[in-house]
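Only one structure is covered here, and it is reproduced in the block below.
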Amino acid sequence: MALDYRKCAEEIFSYLGGRENLVSAAHCATRLRLVTVDNSKIDMKALENVEGVKGVFSSNGQLQLIIGTGTVNKVYDEFLKVTGLTAASKEDVKAAAAAKQPLFKRAIKCLGDIFVPIIPAIVASGFLMGIMEALNFMVNNGFLNIDTSGSIYVFANLFANTAYVFLPILIAYSAAKAFGGNPYLGAVIGMLMIHPDLQNAWTVATEGVLRTQSVWFGLYEVNLVGYQGSVIPVIIAVWVMCFIEKRLHKIVPAMFDLFVTPLVSVFATGYLTYSIIGPIFSTVEHSIIGGIQSLLALPLGVGSLIMGGLYSTTVVAGIHHMYTVIDVGQLSQYGVTYWLPLASAANMAQGAAALAVALKTRNGKLKSMALPASLSCFMGITEPAIFGVNLRHFKPFVCGAIGGAAGAMYASLVGLGASGTGVTGLFGLLLCLHDPINYVLMAAISIAVAFALTWVFGFKDAAPETAGTAKQTKSSETLPDVQRAPGTVLAPVSGKAIPSEEIPDETFAAGVLGRGVGIEPSEGVIVAPFDGEISTVADTKHAVGLSSPDGMEVLIHVGVDTVAMNGDGFTALVEEGQKVKAGQKLLTFDRAKIAAAKHPDVVVLLVTNSDDYENLTIRTGDCKALDQVIEVR
């Protein structure tokens, strides 16, 4: 009988804790995605029993109900009618889920949203500043004889610090977009903070405040000094402006909104900035930067040793975007940033750890992943090495952290600072051309320590006999001539194919890991369901993942809860990264041992990226190995 979409939507809604507990709703190819206020008000068991709902789970702040392709969109339409919600995209739901994150995580994300877009501008100026500093040094000391009155030299010198001179405008524009305000009004606030009628903050740093340039603000005297190089006061000021602007949009009549809202927003924010926000938060910013510098300047480089070791962990935690605030603040106060060399040391050390893994492993897939990831890390892009290689094996990550700590300590001991920010790794040398030798030595220490520790202690490659077995199987096995149509998956074992909903495991049955079939096996040999590449082999040898040339990703999992057998009764015949042909043996399993351990021996065959396809059809009933059982399109 066809599913009653209206009834399904009504039942789902009845178990969600009321309309006030719903924030937003969207759907993908198979799932209804909801963001709720309080998950404790939801009756999860009742939701799982709703007709049409095949599974329920929570992920990344979203409540996801698996309903199925071709059905979820119809249930979703009825759900909107029942709840009164408006349609939302998956991105909207993700944003709503992010809004439920703890305040600290939201603050860090906000800093990333502000600074990531302006990093290219900061990088360009930082590079030019470093190059011009090196050129000026060589010209002034007679190492280079060039015409400093030429257009290229004069223009380059003019371009070099532009992003830093007008940094408050860049930050203000980006912050207004992040806070949901008018970015052009945000830019005006940034301009107010470096208005030419204000005494330049760089001048104040060298010549002091001119006491005649001040006004009385009821409670205290306000010095008319600009905020060149400031970050925190600008962000706070723009947040206040966006707060005022958005509320004025709600209360000012539409016919006056265009005139009243911008005028009041800018004037009120400007006055508050000059009188309260600027003086208070510039003091806070200077205190923070001074405190960090005191930490980095601890005797024997202890502070830098600690922070250099922890830096990569903060990248994993996703809070490293806030370090741009430190770099810019130090550049403003000291003319250089001592934090960027520390970051460079940590990044290059992780790259060295990944390089050691790449050179030591005989696993083709790991090598092909680790080598480019390490080179990327040396260029300052750390995520592929950290998440794809080092954290996966953990010990290389620790060795990288130790190498970063050693390099950071050296940088602190020699007082190494960078003339700009935004670039780490080998290219960071361009920001330290005033002291290139110490930068190279810092890099060498970081790389050498991390590489040596990883090579000796941090990584043990797979046992040679495992790889040998796989290679022998690949070369000696006689394979059948298999014709497979694109978008199809063949049975990896003979037996009886059953719908995935009948697999005796809630996760597999709900399609959380993808849709597919179960096969009650009549033999203990798993063969490749198509020509492709082995993407993963479980340590306990009971599961294997494959990817096909046409982009399909498949998981073959032997038995339910068989991970508890710790590999007993299973033999893997392939390794990660190995190319296989349809019909080639992948693993063997002992059905008697699985039965003795009281686990179902059903073979689970799932298309793990099934959400990428509009339709997935299955064939059930008796089948032989290499019969077609799944088709996607």
Side-chain angles (χ1 to χ4, degrees), residues 103-104 106-115 118 164-205 209-211 213-249 260-292 321-322 324-333:
L103 179 61
F104 176 71
R106 281 185 280 153
I108 296 303
K109 179 182 182 300
C110 182
L111 285 176
D113 292 341
I114 292 171
F115 283 104
I118 65 176
Y164 292 96
V165 170
F166 298 103
L167 184 62
I169 300 176
L170 294 175
I171 294 174
Y173 180 89
S174 186
K177 293 182 69 175
F179 294 139
N182 186 317
Y184 299 99
L185 293 182
V188 171
I189 298 302
M191 295 173 191
L192 287 174
M193 299 184 76
I194 57 171
H195 196 285
D197 285 350
L198 301 176
Q199 187 178 353
N200 191 296
W202 310 113
T203 305
V204 172
V209 177
L210 302 177
R211 301 304 300 174
Q213 291 186 305
S214 61
V215 294
W216 180 254
F217 163 69
L219 301 175
Y220 47 82
E221 193 173 65
V222 177
N223 294 316
L224 298 182
V225 176
Y227 292 89
Q228 287 83 0
S230 291
V231 174
I232 295 178
V234 182
I235 294 175
I236 299 297
V238 173
W239 181 84
V240 170
M241 186 217 76
C242 293
F243 179 87
I244 295 172
E245 180 197 3
K246 286 188 285 187
R247 273 146 189 80
L248 286 175
H249 280 311
V260 173
T261 299
L263 172 63
V264 176
S265 299
V266 170
F267 184 85
T269 304
Y271 189 82
L272 290 173
T273 298
Y274 283 160
S275 59
I276 299 176
I277 297 172
I280 292 177
F281 285 98
S282 63
T283 301
V284 171
E285 182 175 75
H286 291 160
S287 299
I288 293 173
I289 299 302
I292 291 172
H321 290 306
M322 69 179 182
T324 305
V325 177
I326 299 175
D327 282 329
V328 172
Q330 290 200 330
L331 286 166
S332 175
Q333 290 192 38

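- Taking I276 as the reference, F217, Y220, L272, I280 meet the side-chain contact (heavy atoms from CB on, under 4.5 Å) condition, with sequence neighbours excluded.
- Closest approach of I244 to A268, counting heavy atoms only: CD1-CB, 4.0 Å.
- Between the OG atom of S174 and the CD1 atom of I235 there is a distance of 9.0 Å, given to the nearest 0.5 Å.
- The shortest side-chain heavy-atom distance between N182 and P262 does not fall under the 4.5 Å cut-off.
- Atoms OH and OH, from Y227 and Y274 in turn, are 8.5 Å apart once rounded to the nearest 0.5 Å.
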- Task: Give the intermediate values and the outcome of side-chain contact (heavy atoms from CB on, under 4.5 Å) for residues V266 and L192.
- Result: CA-CA 9 Å; V266 170; L192 287 174; 4.2 Å; yes
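- Here the CG atom belonging to L248 is positioned 10.0 Å from the CZ atom belonging to F243, to the nearest 0.5 angstrom.
- For the atom pair CD1 (I236) and CZ (F281), the distance works out to 4.5 Å, reported to the nearest 0.5 Å.
- For the pair L198/V225, no side-chain contact is recorded, criterion being any heavy-atom separation below 4.5 Å from C-beta on.
- No donor-acceptor distance shorter than 3.5 angstrom exists from the side chain of E285 to the backbone of P233, with no hydrogens or angles considered.
- The backbone N or O of G278 sits less than 3.5 Å from a side-chain atom of S282, completing a donor-acceptor pair.
- The two residues A176 and G186 come nearest to each other via the heavy atoms CB-CA, 3.9 Å.
- Between the Q228 side chain and the F166 main chain, no donor and acceptor come within less than 3.5 Å of each other.
- Two residues are said to be in side-chain contact when any heavy atoms from C-beta on lie closer than 4.5 Å; E245 and L185 meet this criterion.
- Contact of the F179 side chain with the I114 side chain is registered, since non-hydrogen atoms from C-beta on lie closer than 4.5 Å.
- To the nearest 0.5 Å, atoms OH (Y184) and NZ (K177) are separated by 8.0 Å.
- In this structure, S230 OG and H286 NE2 are separated by 5.5 Å, a value rounded to the nearest 0.5 Å.
- Within the 4.5 Å cutoff, the side chain of L224 has no heavy atoms near those of the D197 side chain.
- Taking the side-chain contact (heavy atoms from CB on, under 4.5 Å) definition, one finds that T273 meets it with M193, A237, T269, I277, sequence neighbours left out.
- Residues Y173 and M191 are not in side-chain contact: their nearest non-hydrogen atoms beyond the backbone lie 4.5 Å or more apart.
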